Each structure stands twice: as structure tokens, then as C-alpha cells.
Amino acid sequence: MNTQTAAAGWRGDLRRLSRSASFDIGVVIVLFWVACALFGPHLVPYDPFADDLLNSLMPPSFAHWFGTDQLGRDVFSRVIVGARDILTVAPIATVLSTILGTALGLTMGYFGGVIDEALSRIVDAVLALPTVIVALLALTALGTSNITVMVVIAFSFAPVIARTVRSAVLAERGFDYVAAAELRRENTFYILFIEILPNVLPPILVEATVRLGYAIFTVATLSFIGFGIQPPSPDWGLSISSNYGLIGGGFWWTVVFDGAAIASLIIGINLIADGIEGLRHD
Amino acid sequence: MTINHKLLDILRRGRNEHENHLIDGVVREAVSRREFLRYGSVLGLSAPLLGGISGALGFGLAPVAARAGTPGGTIRFGHIVPAGAINPVTIADPGGVTILSQFAEALVLSAPDLSAVPLLAESWAPNNDGTVWTFKLRQNVKFHNGKLMTADDVVATFDRLADPAVGSNALSALSGMLSKGGTRKVDDYTVEFHLDAANGNFPYAVSTDNYNAVIVPAEMPDDFEATMIGTGPFKLEKYTPKVGASFVRNPDYWGAAPLPDRIEITFYDDYQPQILALQAGEIDIIQQVPVLQAVGLLADPTFNIITTPSSAHHQVHMRTDMEPFKDKRVRRAIALTLDRPKFVQGLLRGKAQIGNDSPFMPAYPSTDSSVAQREMNIAEAKQLMEAAGMAGGFKTTLTTEKYLEIPDYAVLIQNAVKEIGGDITLNIMDQGAYYGDAVPGKSPWLDSEMGITDYGHRGVPNVFLQAPLSSTGTWNSAHFANAEYDTLVKGYIASLDLESQRASAGKIQTLLLDETPVIFSYFYDFLTVTKAGVTGVVATAMGHIMLAQASL
Amino acid sequence: MPGNVGRAMLGPFADQAAVDVLNHEMGTDRPVLVQYADWISGFVTGDMGMSYAYRSPVAPFLGTALLNSAKLAAVAFVLVVPLGIFGGVIAALYRGRPTDRILSVVGLSATVVPEFVSGILLILIFGVWLRWFPISATWADGAGPLTQLYHLILPAIPLVLILFGYIARMARAGMIEALDADYTRTAVLKGLSYPQVIWRHVLRNALLPTISVIATQTVYLIGGLVVIEILFHYQGIGSLIYTAAKKKDFPMLQAGVMSIGALFALTTLLADLLYARLNPRIRFGGQE
Amino acid sequence: MTDTTPALQFENLSVAYRVKGVSRPVLAGVSLEIRKGEAYGLVGESGCGKSTAAFAALRYLPRNGAVTAGRILIDGQDIGQMAPPALRQLRRQSVAMVYQDPGKALNPSLTIGRQVQEVFELAGVPRADWAARTVEILAKVQISDPQLVMGRYPHQLSGGMQQRVAIAMAIASNPTLLVLDEPTTGLDATVEAEVLDLIQHLRRELSTAILFISHNLAVIARMCDRVGVLYAGRLVEEAPTAQIFNAPQHPYTAGLLSCLPQAGRSKDQAPLATIPGFLPVPGEVISGCVFAARCAVADDLCRSTEPAFRVADGHASKCHYPERAGALPVVAKAGATLRMAEQAAAILQIENLSKSFGDGDQRQRVLRDIGIELRKGETLGLVGESGSGKTTLARCLLGLLQPDMGSELKFAGEPLAGRTAARTRDQVKSIQIVFQNPDSALNRSHTVRRMLERTISLLVGLKGAAREARVQALTQGVRLTERHLASMPRQLSGGLKQRVAIARAFASDPQVLICDEPTSALDVSVQAAILNLLADLQAETQVSYILISHDLGVVRYLSDRIAVMYLGQVLEIGPAETVFSGPHHPYTAALLSSAPAIGDEGAERVKLVGALPTTAQRPTGCVFHTRCPQSIPGLCGSKAPPQIVLEAGHVIECHLPADALPVRG
């Protein structure tokens with residue numbers, strides 16, 4: 001492939017994207033949290049795990065911007081470092097689901113017929129259930145760990161991606177370049193992955209971004225109900241879950257900042273997805 | 001202290017050997033007044049008698065908060081949804097106990113101060129070697145179905161609980177102590193318990209501590225949940241599984257007429273929603289709240305906190321048969337890094353008693369309080385590590401359950417041992433996973449190098465001494481095997497008099513401090529929170545909540 | 001399935017005899033395959049088995065829970081459908097202008113923020129501080145419909161927020177497609193006034209696709225119910241599943257999940273029927 | 001008294017679109033006048049601004065479009081100055097529009113009756129009269145059962161019927177001006193002819209002025225009194241129809257006309273003329289004549305000074321040298337085409353080829369018992385309306401579809417397996433295709449080089465330098481340059497893309513090349529170059545073509561023999577000239593007469609009855625009898641027609657006696 005022209009295309013797309021204010025905001029937010037996840041432990045003023053029992057539940061102050069939690073740990077530091085687990089689990093789950101869903105969607109869309117029919121049934125069955133419910137069932141049976149959470153999310157999101165890819169592939173399947181490839185006796189692998197895949201990448205990219213948002217949503221929700229990321233992680237959903245009983249007592253800072261963190265990250269990702277989606281429809 | 005010897009002599013008449021021994025103890029001041037009252041109650045000295053003895057000894061029973069409540073009204077309280085069907089035979093969780101305590105009663109009340117108070121039994125006494133205990137039952141007690149409670153009901157109740165084929169949850173408290181057939185009717189209002197082995201604390205086994213041991217009619221229906229026939233101050237009005245229950249005043253109650261017209265109970269899956277509901281004014285009482293959850297309520301004048309001391313605690317076990325904990329000096333060093341007063345203040349907001357690395361918490365009368373309290377001493381800890389050849393520190397994994405403040409406690413331990421070079425990785429699992437199949441090899445609880453396990457309240461330390469620490473103990477996650485310890489415990493359990501119990505206890509405490517297979521750094525209280533103005537609420541550490549004398 | 005149901009139910013400290021008796025009673029001492037076959041054959045005949053946790057049949061629990069959840073979902077839908085459609089229509093009519101942008105960003109943000117975040121804020125503000133609404137969605141026995149509604153409003157709001165953006169987005173897309181369609185151009189060029197064009201020609205075509213979207217959203221709504229019902233302490237299907245999962249009450253859990261699947265199939269079917277009813281293309285076959 | 005106010009007047013009209021913040025002019029200084037009752041044709045290639053002109057006339061520009069200069073007057077009123085109510089009044093009473101794709105122009109969820117009667121409602125007709133007026137207007141557009149149609153939804157009507165309804169709505173208010181924007185594009189030839197007939201008929205009845213917009217010169221020639229030619233947003237020539245077509249005064253117009261593969265032209269005689277170069281990019285600053293860069297007669301004056309719009313005898317041209325337009329040099333070289341010997345060996349034999357889709361009740365037979373022979377080096381044209389099975393036939397030959405049992409294909413005497421996978425490499429490489437739409441046929445994420453190399457590697461088995469040499473040869477063969485090899489398809493124009501597709505098809509040295517509508521996605525000027533290229537390549541390589549096209553001009557230009565298909569059957573096959581000249585099958589006659597052709601405006605059209613049946617409801621007997629104007633009652637509907645052999649190789653399946661077969665003209 002001629003990388004130069006392809007790159008030029010990408011650069012052009014990026015330039016157009018960066019003109020969208022909401023896309024820019026999304027990128028800034030997400031990059032901020034990614035930086036927190038990567039370098040958080042080196043950036044924060046306090047060790048997010050270090051207790052200071054005699055200074056617990058202090059309201060936000062100059063020393064502790066976001067106050068302290070019940071063990072006297074610095075909430076600000078915990079919120080910053082709290083990005084780490086969710087930004088590991090959710091993206092890996094998304095990548096897994098994208099790979100799986102793409103392979104599935106390519107197969108369904110390209111071969112059609114009985115294969116498509118059979119796989120579609122499975123896909124529909126999985127899609128009939130909300131992810132959180134499927135995850136609850138699976139995690140109860142398999143036991144909770146970051147790995148199982150990833151796998152469960154990957155499996156329950158793959159059908160959505162498969163469906164997107166399938167319909168994109170069906171459209172591509174109607175294009176004559178596929179017939180042309182068959183007419184030079186390309187093997188199926190080449191047709192699927194070299195001919196068709198590059199052309200369905202944009203919708204996959206959008207769907208994967210949207211899924212990443214949902215993955216974060218789901219991981220946070222699972223953590224909140226106790227089936228996701230496990231203590232002692234400073235994970236946001238987990239922190240909210242263990243602290244929300246305190247808000248009535250006025251200790252709102254133990255919950256509100258974590259909530260804002262989750263909200264901002266998911267909104268950021270969706271702003272990016274929105275931007276890319278808008279680009280495709282221009 | 002002025003002792004009225006004349007009065008005392010009168011009172012001593014008819015007392016058996018153990019009772020007189022106890023009285024001797026208190027006279028000699030070997031037994032404190034508080035302990036006297038508590039242990040005296042176990043031996044079956046009635047409250048008037050105890051009061052009399054106390055009076056004779058120059059200290060009176062603390063007067064019961066005598067402010068009389070106003071009758072009427074509906075009390076709404078929330079608690080954790082019962083884990084299973086409401087059946088006294090099978091109930092195994094605080095949620096179920098709370099429901100039980102509304103409508104059913106045991107022979108003996110293990111009161112919040114750990115004293116044994118007569119309920120359906122009027123009095124009790126052991127034989128000389130403590131193998132047979134005779135209970136006199138209260139007369140004219142009616143079940144909610146109108147029948148009188150007699151010895152037949154008591155015998156049936158205990159035979160059911162002690163029958164392995166029925167599989168009652170009470171088996172864990174009764175096995176090795178009371179078998180099926182061991183409960184015998186003497187007359188309609190007298191029952192004898194013939195024990196498998198001598199036991200000086202038997203009344204606790206038929207008290208509210210053994211919460212399954214509520215007296216229900218001999219003919220217990222299969223769908224007990226539909227009727228909930230007991231002798232309690234309230235009768236079932238409506239029960240909806242998972243949702244809640246309501247009870248109404250029992251007009252035929254044997255004791256003082258219950259004050260509230262109705263009790264409305266709402267079940268919650270978790271503590272947070274309960275607390276919020278209390279704050280929003282939707283319920284009046286929540287109970288058994290872990291301290292950390294209730295932090296928001298502690299300083300709030302619109303709420304009233306009832307603190308119930310308990311022997312509930314979190315055991316930190318270290319595998320005595322595995323590195324890096326094979327050397328007891330390492331175990332001791334770790335115990336020395338913990339700042340217990342700080343834990344109690346910070347983690348538990350002062351609502352706990354400091355532990356001394358043995359099950360003997362200060363509140364137990366048999367505890368030898370002369371054994372020195374272990375305090376944080378990093379220098380000594382470092383020396384011990386050096387002596388053990390581990391000055392470079394160690395690495396280990398602390399496996400535990402996600403329950404109450406245990407994860408936070410784990411973090412505190414993780415941080416504390418850093419002082420002596422300990423590098424602990426936390427592995428916090430959900431409860432089911434942690435306990436696994438509860439047999440070695442299939443249970444992180446019993447297999448992990450280091451772990452933290454929650455133990456519920458017990459009125460006496462016997463269970464804590466045996467199952468988790470004796471070499472044949474089924475919950476021995478520290479894999480602690482020490483012949484001397486086993487012998488000491490056997491002696492402790494069999495002894496009927498307080499002084500010899502305390503002597504054994506002292507040795508056990510010293511031994512455990514030296515070996516430190518398990519760290520007991522605190523015993524946490526249970527909190528019951530009520531709306532300000534609610535009075536007369538009695539709560540036990542077991543989960544009972546008694547509202548007969550409560551008023552809004 | 002857990003290795004030992006009885007042990008899991010009774011906890012680590014229960015006596016082994018008690019565990020054995022429980023396992024025998026529940027049949028969980030049989031081989032897993034036998035248990036599963038038993039459960040499946042029961043399920044298809046309408047017997048959903050016995051709850052491990054309550055040792056009583058699952059079905060009655062399920063019925064009440066579904067009814068409760070349906071009430072909550074209904075309140076949410078009644079609030080969100082008109083709101084979402086209205087938002088979408090307005091956004092489409094002001095396409096590209098600030099109104100549209102604001103609606104888009106607000107809708108997007110509302111949609112993606114997890115229910116437990118918005119729910120907690122609502123509880124804090126309206127339940128605890130202002131005390132305008134009860135924070136528990138469960139009402140007292142025998143409460144009238146209005147009281148029930150009063151209890152359900154606060155829990156419905158996070159669901160409304162979640163769905164609002166989604167429905168508005170779909171409605172907007174449908175509107176824009178219809179606004180850009182040739183038939184709309186035909187209508188304008190006929191000389192119809194703008195409101196007439198929108199009312200007669202655009203709306204109906206624009207909102208048809210939204211129907212199926214709303215139907216598929218029910219299933220996500222139910223997913224959201226888990227959190228909402230826990231948070232607002234409401235005895236619906238979500239909290240039933242959650243409790244069952246926590247207690248490893250597999251028969252209850254499976255029955256709950258299955259019933260959600262069935263519910264989804266049903267809503268989809270209803271939506272398809274409604275769609276077909278409203279869409280002449282489907283109602284009156286093909287070209288003659 | 002005659003009203004001399006023009007129905008529509010553009011005064012120096014300029015329109016621009018804002019695209020991503022940049023203003024792109026689409027119309028620049030266009031001035032024209034349409035008199036009352038006049039039919040004015042606006043013609044031009046894609047991107048010239050035709051449709052923008054149409055929508056500007058109704059003040060219905062897209063959201064990002066705006067009139068940047070000039071005025072539009074309808075009946076003397078400046079519509080740019082109108083307040084919304086006045087504009088609505090204007091649209092209700094004075095102007096109406098019909099556009100392409102009637103299926104989309106009608107509201108899918110309202111009945112026809114409601115949509116039509118809305119016009120009367122707006123015109124202030126009393127409610128009681130709406131129904132009657134609707135019936136009346138539907139009858140006027142020759143809808144035979146108005147009552148029935150009123151209750152129908154748009155999707156229940158055929159394309160032709162839908163367009164009639166759209167026209168009915170447009171003329172219902174008896175407007176001063178009717179704008180028709182490509183009203184028949186996308187319709188089948190016979191349907192198109194019917195709609196055009198209808199419009200002509202209505203014109204005679206109504207006094208409406210018509211602005212007729214089309215890319216199709218022949219349609220314009222047939223329909224209009226005067227014609228304007230648009231190029232790059234400018235009106236370059238305007239004159240009465242006859243003058244434009246007979247004596248064009250702008251090199252662009254002249255070029256367009258000579259590009260057309262019109263009646264009588266054939267690859268054997270001369271290549272088609274072409275217009276080199278490309279349309280200027282919108283927004284490009286052009287100092288001289290916009291067409292100068294592509295003009296064969298342009299000089300320095302043309303490149304530096306924009307010519308004025310000069311009018312002489314009602315014939316206006318925006319050219320410095322209008323007189324030179326007629327004497328345009330032919331750009332393309334004379335072809336060295338070799339007429340194939342008719343006895344050449346058959347390379348591809350098709351016998352009893354049938355293809356069905358679906359099962360049971362759903363089974364549809366799309367091809368039925370096709371028997372055709374393709375000879376070496378010849379071009380076989382396949383014509384027929386949509387649904388006749390042309391493309392299915394092509395895909396069966398390629399092995400992309402498995403024919404039904406009993407079908408027989410032979411290539412070079414050897415049996416040919418049904419699927420590509422079962423064929424030998426030689427067979428696969430020997431039968432290739434040029435697809436209709438290069439955008440679909442070329443993978444948009446691969447470079448041209450990669451596409452060519454991959455085909456050569458797989459089918460010819462060449463590697464390294466040998467492969468590179470072949471790539472170069474192919475590139476030169478289709479008149480592409482080295483530079484194009486590194487391009488992605490989106491960087492190429494439509495014509496260049498089709499060249500790439502042709503190069504790829506030739507990469508494996510095919511002996512049979514199927515060309516499926518190879519030029520239908522292209523503008524006329526580009527089409528000519530591609531047709532020339534195909535003719536040249538055939539002369540060079542002796543390849544046989546199967547040419548599928550709905551454009552009879554194209555088919556006639558390239559084909560040696562022609563097969564006429566209808567509902568999956570071949571009704572007539574024979575040498576190109578005889579098929580065109582007749583006698584021919586009644587269907588062929590109808591098809592030929594439907595196709596508008598320049599200089600053929602007055603010819604009587606063979607009218608077909610009814611709509612095209614689908615393959616699911618294939619008529620018994622002769623498949624065409626339901627629509628045949630010469631159907632013999634009782635015979636054609638029950639008995640399959642015999643084959644009439646008129647002369648060597650000219651075969652017609654018909655019940656009519658040979659002398660009753662229609663003959664053209």
C-alpha cells in the first residue's frame with residue numbers, strides 16, 4: 001500500500017476532525033485521564049493508598065484539594081490514580097471485542113447463508129440481554145477478577161461490533177471489487193482481510209470508540225455493584241460504591257469527584273466518537 | 001467497701017459450690033463486681049439474688065434506664081434482607097436473626113453487657129461437674145397460637161436443633177456439647193440438659209447467642225414462615241420475602257405489655273441505602289451498622305447511636321507452616337507494627353475494644369487482664385526481623401474477603417508492615433470466593449499465606465479458641481498446631497469456676513502473644529442508629545433487636 | 001455453578017451436617033448435568049425451580065419483580081419518550097445552530113453518564129437535602145397510584161437521562177433524513193407553509209424509525225434497572241437479579257435473566273407490529 | 001393580446017455553495033429567458049450546474065447555497081425579493097417542479113389521493129371538489145383508474161406511474177412555469193418514452209413554459225424548442241434546438257455532439273471524437289474562456305480573455321471563434337479495426353443456460369434456456385430493459401453465480417464449470433469483466449499498482465521484473481501513466497478509474513471480456529474515449545466482448561452481433577445492422593423506437609401496453625405477449641413461439657409470420 005497517500009488521507013481527516021471543538025474537548029479530556037493512568041502515581045501529591053487515620057474525612061482544603069476519605073487517604077490522589085484500572089480493563093475489553101466482533105462480522109457478512117443465519121441467531125440472543133445482566137450472570141458463575149470482567153465485556157460487546165461489521169461487509173460484498181477478487185481466485189482470507197477489511201475500518205473505528213465508552217460505563221457500573229474492579233483499587237466506581245452512604249452525612253467529596261471523573265471520561269470518549277462519526281457523514 | 005457479712009451468709013444459703021466460690025471470689029476481690037454480675041448470671045444466680053449480693057457487698061445493680069416510654073405508634077426499621085427463609089432451624093444470618101427476635105424468644109438472653117438474663121427460663125443451675133444443667137421454665141407463657149409453652153416444646157426444639165439429620169445451623173454451636181436426646185423433660189416446667197462434655201458456659205448455648213435456639217411449638221409446621229408462631233412480644237402481620245415484614249403487638253405477652261402497636265421492617269440489600277433512608281426520614285431505626293458506614297451519622301445530633309460491644313473481630317492469620325511466617329519472630333514483628341489505638345480511633349471511630357492477639361477480649365470475665373497489652377514498637381519489630389534473618393524484608397500476599405471494613409483494614413496492615421520491609425500484595429475477593437468450599441485445598445480462606453477473616457460475635461470465647469486455633473480446628477487457617485495450647489484450651493473449657501478459667505486464660509494469652517499465629521487487633525462494636533427521641537431499643541451483637549419497650 | 005451450593009448458602013462456619021442436609025434437600029448433591037437438565041425441563045414447563053436463597057419457588061418472586069420494574073420503566077418511558085422526541089425534533093429543526101449543539105451535547109452527556117452517578121446526585125439533592133421526593137422507591141402497602149408515582153419519579157430520572165439523549169438522537173436523525181428527503185422538497189415546492197410541511201409530511205416519516213429504537217432501548221433500560229433498583233431500594237427484576245447474583249442463587253438468577261430475554265423478545269415483537277401498523281410499506285405489501 | 005413577460009428570467013445569475021467555510025461558485029453570470037409556453041432545454045455534463053439552476057428558479061437552494069449575484073424573475077417578479085407568504089403563493093400557483101427518482105419525491109406514508117388533493121387544498125379549491133379534481137388530474141396524466149390509484153401508497157406504484165403522479169401534482173395548479181429536472185433519468189427506455197410522450201402531450205394542452213434539464217442531448221432535442229448549453233456554471237451556447245444540433249457554434253457543444261455514438265456510427269468506420277481534459281474544479285480562477293483548456297481550437301486570446309455571450313439570429317455563443325466550432329478537428333486517430341470474419345470459431349458456447357433464485361414458491365427463474373455462441377474477436381451486444389437478466393447472464397458466465405442444473409457452458413470447446421473456484425486458471429483468466437461502476441469495481445483502499453500486480457501474480461503467475469514489465473505495458477495500453485500507478489482510486493476521475501478497471505481486466509490476457517454497462521456511469525465526453533479504447537484493444541488483442549448496455553447507441557457502435565433479452569430470455573439475436581434495421585421482434589422494435597435519438601425526433605413510437613412483469617409472474621406462452629402491440633389472441637399467450645431464421649445468424653422468437661414483423665422507419 002502506498003503509505004504516503006494513505007497517510008495524507010489520514011492527516012487530512014485529522015485536520016478536519018481537529019476543527020470540531022467538541023472533538024478537541026473530548027481528546028483533551030481523554031488524554032488527561034490516559035496521562036493520569038500512565039503517570040498518575042508520579043504526579044499525585046500523596047500516596048493514594050497511604051492512610052492517615054487521624055485526618056480522615058477532612059473536607060477539601062489547600063492540603064487536600066478533594067478532601068480525605070475515611071482512612072484519611074487523599075481523595076485527589078485517589079481520583080487521579082483511579083483512572084488506571086478502568087483504563088486498563090475497558091480498553092483491553094474493547095480491543096478484544098473489536099477483534100472478535102470484526103472476525104465474526106466479516107465471516108457473517110461475507111459468507112452469508114447458513115453461517116450468517118446461525119451466527120446471527122447467537123448474536124441476537126446475546127444482544128437480547130443487557131450487558132450488565134449478562135455480566136452479572138457470567139461473573140457470578142466464573143468469579144470476579146479483572147480478567148473475567150474483560151472477557152465478559154469482550155464477549156457481550158462482540159456481537160454489536162459483529163452486527164456493525166456485518167452490515168458494512170454486506171454493503172461491501174455488493175461492490176464489484178469483491179467479485180473482481182474472486183475472479184482472480186483470491187483466497188478467502190485475502191478477500192476478507194486485505195480487500196474488505198480496510199474499507200470497513202471506519203465504521204469499526206467508530207463502533208469501537210462508542211464501545212469503549214460503553215465498556216467504561218459497564219466496568220464502572222460493575223465495580224459499583226461489586227462485580228467489577230476489586231478493592232483496594234482506588235477505582236472510581238468502587239470508591240463511589242463504598243462511600244455513597246456517607247453523602248447524607250455531608251461527606252459529599254468522597255463521591256462527587258469520582259462521579260465527575262467517570263462522567264468526564266465517558267463524555268470525552270463519546271465526544272471523540274461523535275467527531276469521527278460526523279466526519280464519516282460529511 | 002463495707003461488706004454486710006450477715007446478709008451475705010443468708011444469701012449464700014442454698015447456693016452450690018460454684019456459686020459460693022464465685023461469691024468468695026468477689027469478696028476477696030479476685031473477681032470484679034462487673035464480672036461477678038456477669039458470671040453470676042451464667043451460673044444461674046437470679047437478678048434479685050445478684051442484686052442482693054451486690055447490695056450486701058456494697059455495690060448495687062446499675063438501675064435500668066427507667067424512663068418509661070409511651071405506648072402506641074409504629075416503629076419502622078430497616079435491616080439487611082434475610083439470606084434465606086425465616087425458619088429458626090436454618091437461619092444463619094443477622095437479617096434472619098432480627099426477624100426472629102421480633103416474635104420468638106430463647107430461654108436466656110445474652111444481654112448487651114454479656115450477662116445471661118432469664119427469658120423463657122426463670123432460673124438454671126449446673127450439677128457439680130457441669131455436665132448436667134437444669135432449667136426451670138417460666139409458666140403461663142403462651143404461643144401466638146394460644147397454646148401454653150411447656151417442657152415438651154423445649155425438648156422438641158433442642159432435639160430438632162441437635163439432630164444432624166435435620167441439619168440445623170445450630171449444629172455448629174451444639175455439636176460436641178449437646179446431642180439429640182440430651183434434652184430431657186423433668187416435669188412440665190423443668191428441663192435437664194445432659195451434655196456430651198462438661199461446660200461451664202452452657203447457658204450461652206441456649207441463649208440468644210445461639211440464635212437458632214428460640215422456643216417454638218413442638219409441632220413446627222413446614223411453612224413456618226407463613227405463621228411465625230413464637231412467644232415474643234409481637235405477632236406476625238405480614239411477611240413478604242425480600243421486601244419486608246410487619247408485626248403487631250402481642251396482647252397475651254407474658255412480660256410487660258409491649259409499647260408499640262406495630263413494627264414495620266423494610267429489607268435492604270446494603271447499608272448505604274438504609275443510611276440514606278434513615279437520613280431521609282423514611283425509617284426510624286437501622287441496626288447492626290458497621291462503624292465505617294455510620295460515620296456520617298456519628299456526629300449528627302438528629303440521630304442517636306446505641307453502641308453494642310461485641311466480640312466480633314477480624315482475624316489476621318499467618319500460615320505458621322509456610323514461609324515467611326514459619327518463624328514466630330516474624331509473626332510477632334508484624335503484630336508489633338500495628339498501631340491499634342489508631343485503628344480503633346480512625347478505622348472504627350472509637351467504637352471498638354483493643355485486642356491483644358488472642359480471642360480474650362477485655363469484656364470476657366475470664367480474660368486475664370494482667371497480661372500486658374501489645375503495643376506498636378517498630379524498633380522491637382525490626383530487631384525481631386533481624387533476629388529471624390529477615391532484615392531485608394519479605395514479600396507475601398494477603399488474601400481476604402470484601403466485607404465491611406476488611407479491605408480498609410488490609411490496606412492499613414499493608415501500609416504498616418512497610419516499616420519493617422514487608423511487601424504485601426492484596427488479593428481481595430468476594431466472600432463466596434474467599435471461603436470457597438471451606439475445606440483445606442479448596443478455600444483461599446484456609447489455604448492463603450496470610451488472610452483476614454471476619455468472625456461474628458460469641459458470648460464466650462470457646463468457639464474462637466477451638467476452631468481457628470486448635471490443631472484439630474476446622475477453621476484453622478493459620479495451620480497452628482501447638483500441643484500445649486490444645487491442652488490449655490481443653491482445661492479452660494472444662495473448668496466451671498471463674499478463677500481457674502482465668503488462670504488458663506492467662507496462660508493461653510501469653511502463649512498466643514508469643515506464637516502470634518493470628519493477630520486480633522480489635523473487637524468492633526455494633527451500632528444501632530435511631531432517630532433522636534426513640535427510646536427503649538435493646539440490640540444485641542448477634543443481630544437481635546428488641547422493641548417491646550421502645551417508643552418514638 | 002458454585003462447587004458446593006449448600007456451603008455457599010450457609011457460609012463457611014456452618015456445620016458440615018447442615019450443609020449436607022441442605023444439599024440433599026435442594027438436590028444440589030446430584031451431578032451438575034442432572035441438575036441442569038432438571039432445571040431446563042422444569043423451566044420449559046413453567047416451573048422455574050426453587051430459589052437456593054429462599055428455599056421456595058422462584059416464580060412468585062419473579063412475577064412481583066417484573067410488575068414493579070414494569071411500573072418503573074413505564075414512568076421513565078412516559079417521561080422520556082415525548083421529551084426525547086421533542087428534543088430531537090427541535091434539534092433537527094435548528095440543525096447546526098446553537099440550540100442543536102446544546103441539545104446534542106447535553107443529550108450525549110446525559111446518555112453516557114452512569115445511572116449510579118446521576119442517581120446518587122439526585123438522592124443527595126432531592127432526597128436528603130431538599131426532601132422533595134422519597135429516596136426509596138418502595139411504597140407502603142396499599143399505596144394508591146399517585147403515591148406509587150411519587151415514589152417512582154426520582155428513580156425514573158436517571159433512566160430518563162440515559163434514554164433522553166439516545167431517543168433525541170434518533171429522532172433528530174430521522175427528522176433530518178425526512179427534512180432532506182425529496183418528498184419534503186415536493187411538499188415545500190407545493191407551497192405548503194413550514195409548519196404544515198413538518199406536521200403533514202416530515203414528522204410521521206421521521207419518527208417511524210424511532211419506534212424500533214425505543215423498543216431496543218427497553219433492554220438497555222432493564223440493564224440500567226439493576227443499578228437504579230439497588231440505589232433506590234426497589235424490589236424489581238434488577239434488584240432480584242443483583243441479589244440472586246450476590247447470593248449465588250442460580251435458579252433465581254437464571255430465571256431473572258431468562259425473563260429479561262423473553263421480555264426483550266416481546267417488546268421487539270410489539271415494536272415490529274406497531275411499526276408495521278404505521279408503515280404503509282409493510283402494511284400494504286409490495287408494488288402491484 | 002400577447003403577454004411578452006418571460007415566464008422565467010435569469011439575469012446574470014451567480015450561485016455559490018459554502019463548503020467547509022469556502023465559497024464555491026456553481027453558476028456564474030448565467031442569463032436566460034423562457035417565454036410563456038416555451039420549452040427550454042438546459043443541457044450539460046455532470047457538475048455543470050444544471051440542477052442548481054433548476055432549484056434556483058424555485059428559490060429552493062440547499063442550505064449552504066446562495067444567490068451571490070443577479071436576479072431571478074418569474075412572470076416578471078423578482079423571487080429573491082419575495083416574502084415567505086408571497087413565495088408560497090408563487091409555488092402554489094405559478095411554478096412547479098418534477099425531478100428525478102419519483103419514488104423519493106412522493107411521501108411514502110400518505111396515499112396518492114391525499115398528496116394530490118393537497119395541491120387543490122392549497123390552491124383554495126373548495127373541499128367538496130378536491131376528490132373530483134384529483135380524479136380529473138390523474139386522468140389527465142393518463143392514469144387509467146384514478147380512483148384506484150388514489151387509495152394507493154407510492155411504493156405500490158411502478159416508477160412510471162409514480163412519475164405520472166408527480167407530474168399530475170405539478171400541473172394541477174396549471175403553473176406558468178414547470179421545471180423538469182432529469183424527469184426520466186433512471187427509468188427504463190420504454191417507460192422513459194411514455195413519460196416523455198406524456199409531457200409532450202400535456203404541453204400541447206397547457207400553456208405552461210417548461211425548463212427541461214437533462215444530460216441527455218437526445219431527450220433535449222426531442223422535447224425542447226430552444227436549448228442552452230451549460231459548461232462549468234456558464235451558459236456557453238443558446239439557440240433553437242435545430243440550430244444547436246445541426247450547426248453548433250461552441251466547440252464544447254460541437255464536441256459533445258461528435259462524442260455521441262449516434263445512429264449509424266460503428267467502430268468499423270471511425271473512432272468517436274473525444275474532449276480531452278477535465279472540467280475545471282469549482283472555485284478555480286479562470287482568466288480566459290472556461291473551456292479553453294480543453295478546446296482544440298483555442299488560442300492565446302481564448303486563454304487570456306473571457307469571451308462575451310454573442311447573439312446572432314437567435315443563436316448565442318460564448319466563444320471567440322463560433323465559426324470554428326463546426327470545423328472541429330477530430331481528436332482521436334482513425335482506428336485500425338479489423339472486421340471479423342463471420343465464420344470465426346466459437347470461443348464461448350452457452351446452451352440451455354438457466355438461473356433461478358430462491359426455493360419453492362419463492363423460486364424465480366431469472367434466466368431461461370439461453371443459447372448463445374460467442375465467436376473469437378467479435379462483440380456481442382446484450383440489450384434489454386432492467387430485469388431482463390443481462391447482468392445475471394454475465395455473472396453466470398464469469399462463474400460468480402452457479403447456473404441451474406442442465407445448463408451447459410463451453411469455453412474453447414472445453415466444458416466450463418459453474419463456479420470460478422472449479423474452473424482452471426486458464427479458464428478463469430480467459431473470461432474477465434469490466435464492471436459498470438469503477439467506484440464499485442476498484443477497491444478504494446488499494447493503489448492502482450497493487451490491483452494490477454495482484455491480478456498478474458495470481459492469474460498469469462508473473463513475478464518481479466516480468467510482472468513490472470506487464471504492469472507498464474498495461475498502463476500504457478489503457479493510456480495511463482506511471483504517475484497513476486501510485487494513486488488510490490479516489491484520486492482519479494471517473495474516466496481514469498474505468499481505464500484502470502479495463503487495464504485490470506486485460507491484465508490476464510482474457511479471450512472473453514464482459515463489459516457490463518462500461519460507460520453508463522460516465523459523462524458523454526468520457527464515454528467516447530472509453531469506447532474508443534475498448535475498440536482499439538479489441539483490434540490489438542482479438543478479444544471477444546460481451547457488451548451489456550441499455551444505451552442502444554453504445555451497443556450499436558461496438559457490436560458485431562446483438563442479442564435482445566426480455567425477462568431472462570433471448571427474443572432476437574443477429575448481426576448488429578440487421579437487428580437495428582429490421583425486420584425485428586416487436587419488442588426490439590419498441591425498444592428501438594423508445595430510445596430518443598438526435599435527428600429522429602418526429603418518428604412514430606411503438607407503444608407497449610402494461611408494465612413489465614416480474615420474473616415471479618412470468619407470462620405463459622410468449623413472455624412478451626402481455627405487452628406486445630401485435631399479440632395474436634389465443635396463440636401468443638398459450639404457446640411458446642417458434643424460432644424464425646431470417647438470414648444467417650438472425651433469429652427471432654415470434655409467432656408472427658416473417659413478413660409481418662415490424663421494420664424500422
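Computed from a predicted model, the values in this text were never measured in an experiment. Quick note on labels: first sequence line is chain A, next is B, and so on, each numbered from 1.
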Interchain contact, [X] with chain C, by part (heavy-atom threshold 4.5 Å):
X	answer
B/Val89	neither
B/Phe267	backbone
B/Lys442	neither
B/Asp163	neither
B/Ala165	backbone

Which atoms of [X] approach chain B - backbone, side chain, both or neither, heavy atom under 4.5 Å:
X	answer
C/Ser239	both
C/Ile123	side chain
C/Phe232	neither

Legend entry - Minimum heavy-atom distance C/Ala18-B/Gly167, with the two atoms named: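 For C/Ala18 and B/Gly167, the tightest heavy-atom pair comes out as CB-O, 3.1 Å.
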
Inset, instruction - Compare every heavy atom of B/Pro273 with every heavy atom of C/Leu231, then report the nearest pair and how far apart it is. - result: O-CB, 4.4 Å

Legend entry - Sub-4.5 Å side-chain heavy-atom contact between B/Thr240 and C/Gln235: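 B/Thr240 does not reach C/Gln235 side chain to side chain.
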
Inset, instruction - Answer yes or no: is there a donor N or O on one side and an acceptor on the other, between the side chain of C/His233 and the main chain of B/Ala277, under 3.5 Å? - result: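 No, C/His233 side chain to B/Ala277 backbone: no donor-acceptor pair under 3.5 Å.
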
Inset, instruction - Flag the one option from B/Ala280, B/Pro164, B/Gly281, B/Ala85 with the top tally of heavy-atom pairs under 4.5 Å to chain C. - result: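 Option with the top pair count is B/Ala280.
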
Legend entry - Options C/Val19, C/Asp20, C/Leu22, C/Leu240, ranked by heavy-atom pairs under 4.5 Å with chain B, top entry: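 Going by pairs under 4.5 Å, I would pick C/Leu240.
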
